[in-house]
Peer 1: 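First, the structure itself, so that you have it in front of you.
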Amino acid sequence: MQIKAMRDTFLISLHSKMKDDKNIYFVTADFGAPILDKIREDYPTRFINVGIAEQNLINVSTGLALEGFKVYVYAIAPFITMRCYEQIRVNISVLSHVREMNINLIGVGAGVSYAMSGPTHHCLEDLTIMKTLPNMEVFSPSDYKLAEAYVERTLEVNKPKYIRFDAKPMHALRKEISSFNDGFTVLQEGKGLAIISTGYMTQKVMDFAKDFNLAVIDLYFLNRYDMSKLRETLNNITTIITIEEGFKNSGGLDAEINFNFKNKKIINLGFEKKYTFEIGSREFVHAENSLGKQHIIDEIEKVIKC
Amino acid sequence: MSNINFLKEKSKFVRIETLKIHKLAPETRVASSLSPVEIFVALYYGKILNFNPNNPRDDNRDRFIISKGHGSISMYPLLADLGFFDTNELQNVCKDGTFLGGIPDPIIPGYETVNGSLGHGLGVGSGIALALKSKDKKENVVVLTGDGELNEGSNWEAIMFAAQHQLDNMTLIVDYNKVSMLDFSRNIINLNSLNEKFKAFNWKVFEVIDGHNVKDVYLTLKEAVNSRENKPKIIIVNTIKGKGVPFLETHALSHILSVKPDDIDTLIEEIKNAD
């Protein structure tokens with residue numbers, strides 16, 4: 001089966017839009033991708049590299065957006081969110097309350113995509129801090145098809161958005177996309193137990209989910225999903241396991257579900273609140289944080305045996 | 001009345017009205033709002049800026065970003081006088097439900113951005129300047145910062161960016177009053193020599209020695225804002241924090257001091273009678 005990186009399908013689609021839509025600007029903090037070279041080559045006046053300067057990345061992008069450009073802002077996920085969080089808060093979240101702006105923050109390297117690079121490049125806080133900002137839509141796709149489909153919405157919705165892309169190429173989890181604006185996809189039907197996961201963790205769960213009688217729900221709009229449809233979907237579910245590649249009990253996916261589905265039994269799986277310096281594969285880093293494949297299977301079996 | 005005399009009268013007017021606001025709302029930052037009075041007067045009453053009170057976000061306006069927002073309460077009487085909002089609103093500064101806060105926000109007609117936090121205006125201004133150039137629009141971007149504010153590293157990211165992209169449609173005005181919150185700036189981070197720093201960063205540098213001589217301020221601002229030589233421009237305006245209130249003018253803590261309401265009427269008389 002074909003594997004692709006989310007950023008590639010997204011950027012290829014965006015590149016094709018830039019031909020007709022002269023209002024698209026692309027701003028990077030010296031972070032690239034092969035397809036970005038094409039954007040730079042074909043649209044040199046609408047491609048800006050601000051250098052290694054994330055605060056200015058946000059501020060310059062805000063200025064462009066205030067003047068009516070649709071701005072795509074690009075850097076490694078921990079840097080585009082945490083190095084310049086106050087710029088995002090003041091100039092995007094607060095200011096967009098008063099003035100319309102279409103600004104799309106693209107962070108590459110969700111969770112521990114960059115497993116080998118250690119704590120500076122592990123991004124385990126972003127879902128929490130971006131989700132807490134008023135006016136900020138948080139998009140956490142689990143495959144390249146969702147990433148590609150999102151381009152249309154970014155152009156249509158004149159609001160700030162945070163896009164959390166995995167760094168690694170992965171399989172598609174869906175043949176085609178229906179009801180994209182629902183914000184979630186039921187990837188496997190089931191009764192009693194449902195897993196609600198986001199991003200790479202949905203990929204991980206789908207590797208072995210078929211061996212169990214459970215539902216798998218991929219939530220990709222963490223704060224813009226259709227609540228009543230999700231409620232309906234969970235009608236025949238009594239227990240939910242949330243799984244995220246982010247610190248648990250910190251306001252991320254787990255908080256979203258715990259707050260809104262108080263009538264269910266909920267188990268939260270996520271990273272332990274510590275930094276991992278030990279180098280290894282993604283699965284190794286997960287296992288160090290009680291999030292390895294076997295750990296998740298153990299949790300599922302515990303629920304099923306009950 | 002000559003143009004310069006008109007600007008002098010308006011400077012007095014703005015200073016007096018600012019003190020009146022401070023009397024009603026002692027939590028306003030009065031010292032920081034009094035140092036840029038002549039700058040505001042020159043920009044607006046001198047018509048260096050193109051603005052439209054009936055449509056504050058008119059596409060053909062010059063974009064003026066007041067990055068040192070808290071230190072611009074003196075903009076309130078000026079904007080009201082020019083028709084951006086009703087003069088009666090000045091009675092309500094800092095009261096429940098008003099749009100005129102202790103720190104101005106872009107819900108106030110005439111304000112572009114959120115200003116409560118320092119070090120944001122120049123980067124946002126750079127993005128706007130880039131956008132205007134990209135659309136071949138002739139409007140100017142003018143950004144006002146304080147000198148203490150230049151301690152923020154985000155400014156220096158923007159300073160390098162603006163020079164790299166030759167944003168000669170942008171002018172930075174530094175209200176160089178040399179007092180930060182807790183002390184004189186020289187005892188915290190000494191910015192000397194600010195003009196040399198900006199020259200080294202490839203900016204075109206202007207300086208006004210006496211920032212309360214409204215003629216000098218007006219003439220220099222006018223020249224600088226309209227100059228287009230492929231370089232962003234800075235005007236270092238040497239000002240006095242708390243100008244018009246003698247005890248504030250020399251006080252290291254002027255930023256956080258208020259003027260006693262009882263003293264304000266006397267101060268207003270003194271300002272009225274001054275040359």
Side-chain angles (χ1 to χ4, degrees), chain A residues 18 21-30 43-73 75 79 83-103 105 133-135 160, chain B residues 56-63 65 67 69 99 101 103-137 139 141 143 145 152-165 167 169-170 232:
Chain A
M18 286 179 84
D21 191 339
K22 308 282 187 239
N23 267 330
I24 298 173
Y25 239 98
F26 200 95
V27 191
T28 175
D30 204 33
Y43 308 106
T45 57
R46 290 187 281 142
F47 176 93
I48 295 283
N49 182 353
V50 300
I52 305 161
E54 289 81 6
Q55 298 179 78
N56 203 41
L57 172 78
I58 300 300
N59 289 354
V60 165
S61 299
T62 297
L64 289 165
L66 286 177
E67 292 301 323
F69 285 107
K70 298 163 190 169
V71 189
Y72 294 79
V73 192
F79 307 152
R83 181 59 174 250
C84 46
Y85 189 63
E86 208 243 355
Q87 278 74 24
I88 296 172
R89 175 175 173 269
V90 169
N91 294 321
I92 299 180
S93 187
V94 180
L95 186 52
S96 68
H97 217 87
V98 184
R99 298 186 63 179
E100 190 173 83
M101 61 174 88
N102 188 339
I103 189 159
L105 307 178
L133 292 172
N135 307 317
Chain B
R57 300 252 158 81
D58 192 321
D59 203 35
N60 297 320
R61 77 197 184 281
D62 291 322
R63 277 68 163 166
I65 295 175
S67 197
F99 59 91
I103 296 172
D105 280 317
I107 57 169
I108 300 174
Y111 275 85
E112 297 278 345
T113 56
V114 178
N115 318 289
S117 172
L118 295 175
H120 292 286
L122 193 59
V124 175
S126 300
I128 294 174
L130 184 68
L132 294 176
K133 272 191 175 275
S134 172
K135 292 178 174 178
D136 281 328
K137 287 183 65 72
E139 287 70 28
V141 179
V143 179
T145 69
E152 291 281 6
S154 51
N155 287 310
W156 297 91
E157 293 182 2
I159 287 163
M160 290 186 281
F161 178 87
Q164 176 74 25
H165 292 273
L167 300 179
N169 54 348
M170 183 168 79

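Letters A, B, ... mirror the listed sequences (proteins, then strands); counts begin at 1.
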Peer 1: Would you say A:R83 has more than 12 foreign heavy atoms packed within less than 6.0 Å of its CZ?
Peer 2: no
Peer 1: Between B:L132, B:V124, B:D59, B:L130, which shows the greatest number of heavy-atom pairs under 4.5 Å with chain A?
Peer 2: B:V124
Peer 1: What part of B:K137 lies closer than 4.5 angstrom to a heavy atom of chain A: side chain, backbone, both or neither?
Peer 2: neither
Peer 1: Please report the closest heavy-atom contact between B:G127 and A:L64, naming both atoms and the distance.
Peer 2: O-CD2, 3.6 Å
Peer 1: Rounded at 0.5 Å granularity, tell me how far OG in B:S134 sits from CD1 in A:I48.
Peer 2: 8.0 Å
Peer 1: Can a donor-acceptor pair be found, under 3.5 Å and without considering hydrogens, that links the side chain of A:R99 to the backbone of B:E112?
Peer 2: yes
Peer 1: Can you give me the closest heavy-atom contact between A:V98 and B:P106, atom names plus distance?
Peer 2: CG1-O, 3.6 Å
Peer 1: CZ of A:R89 to NE2 of B:H120: how many Å apart, nearest 0.5 Å?
Peer 2: 8.5 Å
Peer 1: Which residue pairs pass the salt bridge (charged side-chain N to carboxylate O under 4.0 Å, His left out) test when at least one of the two sits in residues 114-124 of chain B, sequence neighbours left out?
Peer 2: none
Peer 1: Listing request: all ring-ring contact (aromatic ring centres under 6.0 Å, His included) pairs with a residue in residues 46-70 of chain A, at least two apart in sequence or in separate chains.
Peer 2: A:Y25-A:F69
Peer 1: Anything in residues 53-60 of chain A with a heavy-atom distance to chain B below 4.5 Å? Please list those residues in order.
Peer 2: A:A53, A:E54, A:Q55, A:N56, A:N59, A:V60
Peer 1: Tell me, for A:L66 versus chain B, whether the close heavy atoms (under 4.5 Å) come from the side chain, the backbone, both or neither.
Peer 2: side chain
Peer 1: Suppose a student defines contact as a heavy atom less than 4.5 Å from any heavy atom of chain A. Which residues in residues 152-160 of chain B would they list?
Peer 2: B:S154, B:E157, B:A158
Peer 1: More than 12 heavy atoms of other residues, nucleotides or ligands under 6.0 Å from CD1 of B:I107: yes or no?
Peer 2: yes
